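Read the structure below first, then the notes.
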Amino acid sequence: MDNENQNENFSFVESEKKILDFWKDQEIFKKSLEQTKDCPPYIFYDGPPFATGLPHHGHLVASTLKDIIPRYFTMKGRYVERRFGWDCHGLPIEHEIDKKLGMSAQDAVEKIGVKAYNEECRGIVQRFTSEWEKTISRIGRWVDFENDYKTMDTDFMESVWWVFGQLWEKGLIYQGTKVVPFSTALGTVLSNFEAGSNYQDVQDPAVTIFFKLKDEDAYLAAWTTTPWTLPSNLCLCTNADIKYVKVRDEEKQITFYMAEARLEHYSKKNTLEVLGTVTGADLKGRQYEPLFPYFADLAEENCFQILNDDYVTTESGTGIVHIAPGFGEDDNRVMQEEGIKASVCPVDDAGKFTNKITDYAGVYVKDADKEIIKDLKERGRLYERSSYLHSYPFCPRSKTPLIYKSIPSWYVNVEAIKEKMVAANKQIHWVPDHIKEGRFGKWLEGARDWAISRNRVWGTPIPIWINDTTDKRICISSIEQLKELSGVELSDLHRENTDDVSFSIPGEEGTYKRITEVFDCWFESGSMPYAQLHYPFENKEMFDAGYPAEFIAEGLDQTRGWFYTLTVLSAAIFDKPAFKNVIVNGLVLAKDGRKMSKSERNFTAPDNLMEEFGADALRLYLITSGLVKGEEQKFDDKGVKDMVRTALLPWFNSFKFFKTYADLDGWDPAKHYVEGDNITDNWLISNLQTLKKNISKEMDAYQLYNVVPALFTFIEDLTNTYIRLNRGRFWAEGLEADKCAAYSTLYTALQELSISMAPFAPFFSEFIYQELKEMNSSSDAPESVHLCTYPTADESKINSLLEDAVDRMNQIILLGRQKRNQVKIKVKTPLQELTVIHKDEALLKEIARLENYIKTELNIKSVSYDQDEAKYINFFTKPNFPALGKRLGKQMGKFTGLIKKLSEAEIAKFERQGSIELDGEVFTQGDIDIFREAREGHDALSNSLISIELNCELSPELLREGLAREVINRIQRSRKDAGFNVGERIALTVKSDDNLQLAIEEHQEYICGETLTNSISFSSEGSYDFEFKIDDYSLEIALTRV
RNA sequence: ACGCGCAUAGCUCAGUUGGUUAGAGCGCAUCGCUGAUAACGAUGAGGUCCCAGGUUCAAAUCCUGGUGCGCGUACCA
């Protein structure tokens, strides 16, 4: 491999593509599974996406999480199967077909039949699978697409039947009429989640209507925004505790009742005279005349009377609510509670009045509003008409307003198992944790029965057969059971095959026929843990061993979706949670803080991003953000670019540095691996162990957002401390022990880093791993970084004292640079002396071990140490608040003042004796913090932990040495420009001013050594290839190859 | 409307159980470094920690009430 060339043109994107090929050709994913197949399983559930859309940023976040965790646990020695899943059924698919055919599903079924309709659906379900596979693979997610599960597979559907059968046996299924959100365009009931997904602010007509009391020449004023429900009115409702007034509108010649609190509102346009006051309770039981004749006979069933309920308020309207139990859940409830069973719902599936409503039969309800209002006006029953702005649910598919109507539906009695669900939730570890008790916990507590039937075509048929004579019901929960009863053995369970299967049972009259409804597709995705394995028909042991799953990860929107349905079914059947750990990711917003929207074009397509910056950068960006703890994140492409810059490039550069020199020296880990005792080597190795320890702690808690920053810090330490300080060791001639130790340390760090990073940045980790592997002449290392064991910390190599010491050294270097900046002396100009000041002798000794690094970094001739801080530094003290606050409580204020006022002498005494008494209170070490700041008039600097003094006096000698360094710099630049290789030796001709020449002569040996120059000749004439200005001096040089 | 979350530098975000000098990166300015560097390093400017109360010796942090944003829930007739 031509490494030289490859490095010059290294591209993360190209490298990733090569690695994708490598994984594919060598079947690394498969091998990782084979390698772990006897290990304890780690069960991961993949939530199935709808296959109708393309993957977006939200899927990428989830996909990254769904890749990192399984990779990590695989490397930890677990067997992690990853099956992709597809949600195939449901409205989105049917809606696509309806659009294509240009008609509703009902019409389509009538014209072409169930079979042909389902064929259409089946045909488009997998339309985008190749795009999904492409994007998911590109981001580096390893998932089994071949062995995927589809909710339309016969095995899957049969397990769904089994799940339903379980609920049926436990008595959790019932048929009821409930008032539900209904889409008149789709002709179907919507689930709660669907109904809530599209609220819009709309203007609806708001009318105040009079109902004539039977026993008095007065009316009741009721207010409604749905005039079309008035023909179905069966009762009126007041609040027992609200005061009502009887008023007279002389102008309109009418007397009526309304809430006192609403009087003000109605008095604005009308002159009203109050005749008397009653409570809602007083009104209860009084009868009124039906507004319309259609259901007048229901008066026999106690309709057309006034009821009481607390849900009536006086925030709007008249405080008297019109009740149409067919169209309102509260309405229905109030009447049920009063024991009135009557309910009417004279509206068909298309939202049109039935023949019962003779005057408006066939009219779409919203269209009927106007005519009804007109009719009421003519009859003198309309008091006021206005419009009302409120948010109203719309059908998310057809964008038409939903109506609420009562419909026969099949329900899961969720309320009966609420406690089980709450108990199951207690066993789940949520990231972020507030969802457990918050959003999800609250949702469970308020859970309501779940309508699972849909009057649809493309779905899993609900396996209930009803006897057409006796109304006896049988739930069938397997293909086998159906065969036993009917003699028909089905290989596909869709409606075209099941609808016509009927049977009778010997000794019973009548024929059993299947109901026509299919399942809500959420029931199917909630059945996924069982159905993907075709449990219990197959894989019984496998399921039992791995349930509940260890881990799932989905977006915050699934709180009410998949997280919920999994929990409902699992609690109902097994009284357990379905999963133990869940990471909930937040919503990805566009850069401008709004939702990402295709029409707004306010984001870059995922594929383009990966084409520009690579998948690793994208992955790292996503999982370092708040997205992995359920927070939203404004997605900025620049953030992805920054990941390249702040993490991947330094990592790459440190590797490239290593490789450049190791190749030059022919260093081979198999032959030249040495553990030396260099202090920075020990430090880096110690740092590495600490890193591994922290990673494993955070990963155990599924807190990914803490893992990657720790890795970044390590990369930073590696490049800006370890390599920077040790460059000289790699430049040394030959392969001495110390140099081998340096190589070995760097090799170990890079290798372990690549393995540690593998779950997070799987591509670049692989790249580094392969490169390092290639350098090893006798490597029996695994073929891929992803087949390695995840490194664990060797705690015996952790030396926290040393880690601290290096921190302090870095502080000293920073202070030195700060000082040089202040006095404007470049690092190239050497300074004579640095004094490190600290009272602690042991610390000074520790720092002295790092003296050479300090000298080099700050370009200092000598370092001295001084324990007598008072010479340079002022002290000031502050109480250690956390410690003292608890002890002193209210007295804290007083002592804070005393402590801050301590004199230098008292502080010195305190330091010497280790304690001090103030106003009767004894303070010991740790109670008082001592801070340091440089004393004025000194060249000292302090960061309150450590202090330095830098001798900034310059002598001509020092200045000339500085000049020599400048010359080296110019020669190196020239070498590079002239195209010399790193190792090539040169001869130099120099033309310069006298003082500069003196500097060069004085430091000739040093200059030659640094620049690989064999000889320097001086000239005073002619002109040369390279010309420079150094301060006020001019320098011209020419280079020739030797 | 209710529930949950969020609000910190021009921008994107850290900020442990309350603890007194509130941090990082980007951007900006200045200086420097560069034979691992698509780079980088240092220094500096930049803050009403959304607002108002409260608890406390002490509040960015806890409580209450607002405001704004997001998500979720909701037939308020």
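In this text the structure is predicted, and so the values were computed from the model without any measurement. In the text below, chain A, chain B and the rest are named by the order of the sequence lines, each starting its count at 1. Values reported hereafter were calculated over all heavy atoms of this structure, with side chains retained and with hydrogens, waters and symmetry mates removed.
- Among the heavy atoms of the strands lying under 4.0 Å from A:Ser654 is at least one base atom, whether or not backbone atoms are also near.
- Between A:Trp430 and A:Phe563, the ring center distance clears the sub-6.0 Å criterion.
- On the C1' atoms, B:C51 is 12 Å away from B:A7, given to the nearest whole Å.
- Rounded to whole Å, atom C1' of B:C33 lies 14 Å from atom CD1 of A:Ile813.
- Nucleotides B:G19 and B:G10 place their P atoms 24 Å apart, quoted to the nearest Å.
- Between the side chain of A:Arg560 and the base of B:G72, no donor-acceptor pair under 3.5 Å is found.
- Using a 4.0 Å heavy-atom distance criterion, A:Gly328 is classed as a base contact.
- With rounding to whole Å, A:Tyr404 atom OH is found 7 Å from B:C76 atom P.
- Relative orientation of the A:Phe658 and A:Tyr747 rings is tilted, given thresholds of 30° and 60° on the angle between their planes.
- Between A:Tyr564 and A:Trp443, the two ring planes are perpendicular [angle over 60°; tilted spans 30° to 60°].
- Which of B:G15, B:A42, B:A77 sits closest to the side chain of A:Lys629 comes down to B:G15.
- In this structure, B:G72 and B:C2 make a Watson-Crick or G-U wobble pair, each of the two defining distances being under 3.5 angstrom.
- A:Glu632 comes within contact range of the sugar-phosphate backbone alone, with a heavy-atom separation under 4.0 Å but no base atom that close.
- No contact: A:Asp557 has no heavy atom under 4.0 Å from any strand.
- Note on A:Arg973: nothing from the nucleic acid sits closer than 4.0 angstrom, heavy atoms only.
- Residue A:Lys442 has no polar side-chain atom (N or O) positioned under 4.0 Å from OP1 or OP2 of B:G3.
- Residue A:Lys638 has no polar side-chain atom (N or O) positioned under 4.0 Å from OP1 or OP2 of B:C13.
- Computed from coordinates, the A:Asp717 CG to B:A24 P distance equals 16 Å when rounded to whole Å.
- A distance of about 10 Å separates the P atoms of B:C49 and B:A9, rounded to the whole Å.
- Ranking B:G70, B:U34, B:G19 by closeness to the A:Leu587 side chain, first place goes to B:G70.
- You'll find the ring centres of A:Tyr621 and A:Phe635 inside the 6.0 Å limit.
- Distance A:Phe730 CZ to B:U37 C1': 16 Å, rounded to the nearest Å.
- Using atom P as the reference point in both B:U61 and B:U8, the two lie 13 Å apart (nearest Å).
- Spacing of C1' atoms, B:U16 relative to B:C62, comes out at 15 Å, to the nearest Å.
- B:C6 sits 22 Å from B:C26 when the C1' atoms are compared, rounded to a whole Å.
- Atoms CG (A:Asn239) and P (B:C76) sit 19 Å apart, rounded to a whole Å.
- B:G41 is paired with B:C31 under the criterion used here, namely a Watson-Crick or G-U wobble arrangement in which both key atom distances are under 3.5 Å.
- B:A58 and B:U17 are spaced 15 Å apart, taking the C1' atom of each and rounding to whole Å.
- Side chain of A:Asp642, nearest nucleotide from B:C26, B:C4, B:A36: B:C26.
- Side-chain N/O atoms of A:Asn720 include one lying less than 4.0 angstrom from OP1 or OP2 on B:G41.
- The partner of B:C50 is B:G66, by the rule that a Watson-Crick or G-U pair needs both atom distances under 3.5 Å.
- The partner of B:G10 is B:C26, by the rule that a Watson-Crick or G-U pair needs both atom distances under 3.5 Å.
- The CG-P distance, from A:Asn585 to B:G5, rounds to 18 Å in whole Å.
- Atom-to-atom, OH of A:Tyr705 to P of B:C6 comes out at 12 Å; the value is rounded to the nearest Å.
- In this model, a donor atom of one side chain and an acceptor atom of the other lie less than 3.5 Å apart for A:Arg973 and A:Asn969.
- In the set B:C71, B:A74, B:A36, B:A74 carries the atom at the smallest distance from any side-chain atom of A:Arg448.
- Of the listed nucleotides (B:A39, B:U37, B:G35), B:A39 has the atom at the smallest distance from the side chain of A:Arg645.
- Between A:Phe12 and A:Pro879, the residue anchored nearer the 5' end of RNA chain B, judged by the nucleotide with its closest heavy atom, is A:Pro879.
- Considering all non-hydrogen atoms of both residues, A:Met335 and A:Pro325 come closest at SD-CG, 3.6 Å.
- Positionally, the nearest nucleotide of RNA chain B for A:Thr896 lies more toward the 5' end than for the other of A:Thr896 and A:Phe657.
- Relative to the side chain of A:Trp443, the nucleotides B:G35, B:U73, B:C33 differ in distance, and B:U73 lies closest.
- Between B:A38, B:A77, B:C40, one nucleotide has an atom nearer to the side chain of A:Leu649 than all others, and that is B:A38.
- Residue A:Leu814 is in sugar-phosphate contact alone, with no base atom involved, counting any heavy-atom pair closer than 4.0 Å across all strands shown.
- Between the P atoms of B:G23 and B:G35, the separation comes to 35 Å (whole Å).
- Ranking B:A77, B:A14, B:C33 by closeness to the A:Thr226 side chain, first place goes to B:A77.
- The six-membered or imidazole ring of A:Phe657 lies away from that of A:Phe655, with a centre-to-centre distance of 6.0 Å or more.
- Remark: P of B:G41 and CD of A:Glu716 are 6 Å apart, rounded to the nearest angstrom.
- The residues A:Lys366 and A:Asp369 are annotated as not salt-bridged, no charged nitrogen and carboxylate oxygen being separated by less than 4.0 angstrom.
- Between B:A77, B:A42, B:C33, one nucleotide has an atom nearer to the side chain of A:Lys828 than all others, and that is B:C33.
- Here the two rings, on A:Phe327 and A:Trp228, have centers that are under 6.0 Å apart.
- With a cut-off of 3.5 Å on both Watson-Crick or G-U wobble distances, the partner of B:A59 is given as none.
- Among the heavy atoms of the strands lying under 4.0 Å from A:Asn653 is at least one base atom, whether or not backbone atoms are also near.
- Residue A:Phe10 has its side chain nearest to B:A38 when only B:A38, B:A77, B:G35 are considered.
- Residue contacts shown for A:Phe635 are absent, as no nucleic acid heavy atom lies under 4.0 Å away.
- No contact: A:Thr318 has no heavy atom under 4.0 Å from any strand.
- The pair A:Glu612-A:Lys641 fails the salt-bridge criterion, with no side-chain N (NZ, NE, NH1 or NH2) lying under 4.0 Å from an Asp/Glu carboxylate O.
- Look at A:Gln633 and you'll find a side-chain N or O under 4.0 angstrom from OP1 or OP2 of B:C13.
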